[in-house]
There are 2 protein chains.
Amino acid sequence: MLFRTLTIVGVGLIGGSIGLAAKKRGLAERIIGVGRDAVKLDQARRLGAIDESMELCEAARIADCVVFCTPVDCIAEQVKSVAGICRREAVLTDAGSTKGEIVAALAASLPAPARFVGAHPLAGSEKKGVDYAHPDLFEKRWTVLTPTAATSVEALASVQSFWQALGSRVRLMTPEDHDRALALTSHLPHLVATALAGMLPEDWRELAATGFRDTTRVAAGDPEIWTPIFQQNRAAVRDALTQLEAKLQEMRGALTANEITRIDHYLTQGKRVRDALGS
Amino acid sequence: MLFRTLTIVGVGLIGGSIGLAAKKRGLAERIIGVGRDAVKLDQARRLGAIDESMELCEAARIADCVVFCTPVDCIAEQVKSVAGICRREAVLTDAGSTKGEIVAALAASLPAPARFVGAHPLAGSEKKGVDYAHPDLFEKRWTVLTPTAATSVEALASVQSFWQALGSRVRLMTPEDHDRALALTSHLPHLVATALAGMLPEDWRELAATGFRDTTRVAAGDPEIWTPIFQQNRAAVRDALTQLEAKLQEMRGALTANEITRIDHYLTQGKRVRDALGS
């Protein structure tokens, strides 16, 4: 048992999976859900992801750990709103896909040593909602933690134990490195998938087989979640996009010049990396 | 029973699946495999994809249907090499991912009415080899047929029945329309997946989660198969690439200008198309 009371703010796919994983692994005695939508909170309780629901302030006041699983443009404000009323030994963490803006906003307003530790579990899906939550969602996945010089060492240790106890492996990065890496590994692929899907004429939809479906799957993600991610990480996404455009121009040049050995080289190099990732 | 003797040239994932599907559905009395590699032909026989193997000329001479499942840069030459020795009523088809060059090369050398009907079953995979073959690979998938004015009407009817009997739905297109459509629905996604995979630094590989893996999955495809596809369809792929680059530049412009409603619009439009495709 890590915490007596765990509060989860935002009980969707990620928040719900945290609740189910914590329950399955006996990490908390009591799990409280916080959200705007009573129907979804009811559903989360029925599925066993939370024990009960409360207003944010009330649930934060009695928690040993509060984890924020709301869209990235809500997290910093929500953390600030409860930072003054939490128990002195409570820790705060989040599951946001961007870290720079959130961590910077909190650095400016939380007293040091801060008991908030930014986190990003790399376990998303294009699916949405607690109905898709799964107790093993974090199993063997990576969670990036982004502590700063102001972060309390005890809070970092506690938050690290929490994400590990949920099943994930933990890697520490600066918020800036996280955002640069995720721009390339997640946000850029999302943008490209969106562009490809948007180019498909209706008459050709039935010609979109497994390859197209795989390549564009993430484009089914919820814009309510993704638009704020792009807003917060737009500088790094723009850099990654510039890099991709240069690569595509190179490839187009090889096609134009009929330099087939260059095409073969790109394909061979891409295959080597993709094979290394596994299925 | 559609054919007494079916000859499959190239018994890999696609050729092997044709054999298994034909066997399962009782489409041919005798299935002959043709290939360069005796070990692979043995494996195809062990798996039940073919009954026996022979040299191309011998196997073509006695076949009622010959289907070519070799890389796209081999197909036209192989068809030409057997066209003169096949039975008068035999039909020829293929499974190549490009159609324009193959059909044009054959139009110039086969006597009309031609008994070759170009085909492309949209049922690929990044996997390779007869070990991954499956009798239901074509089930509910589309197969594009690309007859021309010179195609024999009986041959078209017979080849269409064949692909339908394997489980697929058939759509007729001109070779040029096929190549333009597939440039967008298959070849461009492959190139983009290759570019994204090639951009991933080794240190960030563990940060490549489901989204990156889905988006780049096709990059694991075999360059030996894909390089000739890009060579044969390079004009249409280049056009599709130009179109994608324009779209990505637009998106980069929106990020630079922090025009978040435009980003939201792209994401919403992409999601609408991707949702329409289903999983």
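Throughout, a chain's letter reflects where its sequence line sits, starting with A, and its residues are numbered from 1. Note that the structure is predicted; figures quoted are calculated from it, not measured.
Here the side chain of Arg213(A) pairs a donor or acceptor atom with the backbone of Leu277(B) at under 3.5 angstrom. In this structure, Arg274(B) contributes its side chain and Gly198(A) its backbone to no donor-acceptor pair below 3.5 Å.
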Let's go through Arg141(A) and Thr210(B) carefully: what are the C-alpha distance in whole Å and the side-chain angles of both, what is the deciding distance for side-chain contact (heavy atoms from CB on, under 4.5 Å) to 0.1 Å, and is it a yes or a no? CA-CA 10 Å; Arg141(A) 303 304 186 87; Thr210(B) 325; 3.4 Å; yes
Any chance you could lay out the side-chain contact (heavy atoms from CB on, under 4.5 Å) test for Ile263(A) and Gln231(B), step after step, and finish with the verdict? CA-CA 9 Å; Ile263(A) 295 290; Gln231(B) 176 158 41; over 6 Å; no
Give the intermediate values and the outcome of side-chain contact (heavy atoms from CB on, under 4.5 Å) for residues His190(B) and Leu267(A). CA-CA 9 Å; His190(B) 195 100; Leu267(A) 295 174; 3.7 Å; yes
Assess whether side-chain contact (heavy atoms from CB on, under 4.5 Å) is satisfied between Leu207(B) and Met173(A), documenting all intermediate values. CA-CA 11 Å; Leu207(B) 304 175; Met173(A) 296 178 85; 3.9 Å; yes
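Both the backbone and the side chain of Trp226(B) come within less than 4.5 Å of a heavy atom of chain A. Using a 4.5 Å cut-off between heavy atoms, Arg171(B) touches chain A through its side chain atoms alone. When heavy atoms are compared at a cutoff of 4.5 Å, Gln249(A) approaches chain B by way of both its backbone and its side chain. Proximity to chain A is limited to the side chain of Gln269(B), based on heavy atoms less than 4.5 angstrom apart. For Ser279(B), the part lying near chain A is the backbone, with the side chain staying farther off; criterion is any non-hydrogen pair under 4.5 Å. Contact of His120(B) with chain A is not made at all, since no heavy-atom distance falls under 4.5 Å. Proximity to chain A involves both the backbone and the side chain of Arg180(B), based on heavy atoms less than 4.5 angstrom apart. Neither the backbone nor the side chain of Arg272(B) has a heavy atom closer than 4.5 Å to any heavy atom of chain A.
Taking CG of Leu191(A) as the start and NZ of Lys247(B) as the end, the distance is 10.5 Å to the nearest 0.5 Å. With rounding to the nearest 0.5 Å, the separation of NE2 in His187(A) from CZ in Phe212(B) is 13.0 Å. Atom CG of Leu255(A) sits about 7.5 Å away from atom CZ of Arg238(B), to the nearest 0.5 Å.
Annotation for Lys271(A): atom NZ counts as buried by contact number, over 12 foreign heavy atoms lying within 6.0 Å. Within a 6.0 Å sphere centred on CD of Glu224(A), heavy atoms belonging to other residues, nucleotides or ligands number 12 at most.
By number of non-hydrogen pairs under 4.5 angstrom with chain B, the leading residue of Leu248(A), Thr268(A), Val144(A), Leu188(A) is Leu248(A). In terms of heavy-atom pairs under 4.5 angstrom with chain B, the leader among Arg205(A), Glu126(A), Glu250(A) is Arg205(A). In terms of heavy-atom pairs under 4.5 angstrom with chain A, the leader among Leu244(B), Asn258(B), Thr242(B), Asp222(B) is Asn258(B). Of the residues considered (Glu202(B), His178(B), Arg234(B)), Arg234(B) shows the highest number of contacts with chain A, using heavy-atom pairs under 4.5 Å. Among Pro223(A), Ala209(A), Gly221(A), the residue with the largest count of heavy-atom pairs under 4.5 Å with chain B is Pro223(A). Ranked by non-hydrogen atom pairs under 4.5 Å with chain B, the options Val237(A), Leu200(A), Thr256(A), Leu196(A) are led by Thr256(A). Across Pro189(A), Ala235(A), Ala276(A), the residue that shares the most heavy-atom pairs under 4.5 angstrom with chain B is Pro189(A). Here Asp203(A) is the residue among Asp177(A), Asp203(A), Asp275(A) with the most heavy-atom pairs under 4.5 Å with chain B. With chain A as the partner, the residue from Ser186(B), Ser125(B), Gly211(B), Ala220(B) showing the most heavy-atom pairs under 4.5 Å is Ala220(B).
Comment: Glu245(A) engages Arg252(B) in a salt bridge, judged by a side-chain N to carboxylate O separation of less than 4.0 angstrom.
Here the closest heavy-atom approach between residue Gly270(A) and residue Ala197(B) is recorded as O-CB, 3.7 Å.
The side chain to side chain contact (heavy atoms under 4.5 Å, CB included) test with Thr215(A) is passed by exactly one of Thr185(B), Thr215(B), Thr216(B): Thr215(B).
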